[in-house]
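Every number for a ligand or one of its atoms is a count from 1 in the order of the listing. Side chains are part of it too, since the values below use all heavy atoms of this structure and drop only hydrogens, waters and symmetry mates. Numbers for residues simply follow the sequence, beginning at 1. Keep in mind that this is a model prediction, so the values were computed, not measured.
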Amino acid sequence: MSGGLNLMLVGAPGSGKGTQAKRLVEKYNMPQLSTGDILRQAIKDQTALGIQAKEFMDAGKLVPDELIMGLIEERFGHADYQNGWILDGFPRTMPQAEGLSALLDRTGKKLKHVILLDVPGEAIVERIVGRRSCPACGNVHHVRFSPPKSEGICDACGGALVQRSDDTEEKVRVRFGQYESETASVIPYFEPLGIVASVDGQQSADEVFAAITGILEG
Ligand code: AMP
């Protein structure tokens, strides 16, 4: 695909954003900008950002907008972000959505697609609590829906799978509450651009991927 893809994936925690973003990266060779992945790496590396973000993430709460916008501005300056990107888990609040719009205006970039992965609230807890992630490569399995070939081992890289510390039922409820109260309102903000599409996120990962690529290439 020529030009920048400039895509945003939106959806509740556990709706499949990370899984689909990784497939899209492979197909279109665009960088994935996952604020969650960047923050987890910052915590591991004990950077100033990681130290500030940790208490919020441990509680399942959103990290303050200023920290997130600082991180985004920094990433957007990288050379590999000049030709398209896949936003995964950002923006998650109205100030972040407005901050993104301002940043795009300022840098002459345009958002081309907003894709909502639609999964009903009652399915979220099972999707997240059964999730097993690979800290080494970011691949995600699910104990029931996409079990690894060998238990506890990532199919993609052979790394040891873990349950993320915020993937417990108690924290999922907090995170989903934040999605409903803060993040869901980001979708109507982008509606006037005429670029928002919704995909049934409860289909198989292959079907969801086919639906997304259909929209991007449609
Ligand atoms: P995720 O990997 O997208 O599920 O994000 C994990 C956690 O990182 C969230 O529960 C938040 O604490 C934090 N986080 C990730 N992205 C954002 C964002 N755009 N704004 C605020 N907090 C975020």
Suppose I only count heavy atoms of Gln96 and a 4.0 Å limit; which atoms of ligand 1 are within that range?
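Ligand 1 atoms under the 4.0 Å threshold to Gln96: 18 (C), 19 (N), 20 (N), 21 (C).
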Looking at Gly89, which atoms of ligand 1 are within less than 4.0 Å of one of its heavy atoms?
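Heavy-atom distances to Gly89 below 4.0 Å select 16 (N), 17 (C), 18 (C), 19 (N).
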Does Gln96 use its side chain to pair, donor to acceptor, with the backbone of Arg92 at less than 3.5 Å?
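Answer holds: yes.
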Expected output: side-chain Arg132 to main-chain Pro148 donor-acceptor under 3.5 Å:
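Between the backbone of Pro148 and the side chain of Arg132 there is no qualifying donor-acceptor contact (under 3.5 Å).
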For [atom], which of [options] has the closest heavy atom?
atom: atom 10 (O) of ligand 1; options: Glu182, Arg175, Met69; value: Arg175
atom: atom 14 (N) of ligand 1; options: Asp166, Thr35, Leu33, Leu39; value: Leu39
atom: atom 12 (O) of ligand 1; options: Lys61, Arg131, Lys54; value: Lys61
atom: atom 22 (N) of ligand 1; options: Val63, Leu87, Ile128; value: Val63

Just to check, does Arg164 reach to within less than 4.0 Å of ligand 1 when the distance is taken from its heavy atoms?
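For ligand 1, residue contact (heavy atoms, under 4.0 Å) with Arg164 is present.
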Side chain to side chain, [X] and [Y], heavy atoms closer than 4.5 Å:
X: Leu7; Y: Ile86; value: yes
X: Leu33; Y: Phe76; value: yes
X: Leu39; Y: Leu71; value: yes

For atom 7 (C) of ligand 1, what is the closest protein heavy atom, and at what distance to 0.1 Å?
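Of the protein heavy atoms, Met57 CE, 3.7 Å lies nearest.
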Give the residue, atom name and distance (to 0.1 Å) of the protein heavy atom nearest atom 9 (C) of ligand 1.
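The closest heavy atom on the protein side is Arg92 NH2, 4.0 Å.
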Give a yes or no on this: more than 12 heavy atoms of other residues, nucleotides or ligands lie within 6.0 Å of atom NZ of Lys109.
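More than 12 within 6.0 Å, yes.
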Using a heavy-atom cut-off of under 4.0 Å, does the side chain or the backbone of Ile68 touch ligand 1, or both, or neither?
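The side chain, only.
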At under 4.0 Å between heavy atoms, is it the side chain or the backbone of Gln178 that contacts ligand 1, or both, or neither?
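The answer is neither; Gln178 stays 4.0 Å or more away.
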Can you tell me how the ring of His78 sits relative to the ring of Tyr81, calling it parallel under 30°, perpendicular over 60° and tilted otherwise?
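Rings of His78 and Tyr81: perpendicular, as their planes differ by over 60°.
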Assess whether a salt bridge exists between Glu26 and Lys22, defined as any Lys/Arg side-chain N lying under 4.0 Å from an Asp/Glu carboxylate O.
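Looking at Lys22 together with Glu26, the answer is no, because their closest N to O distance does not fall below 4.0 Å.
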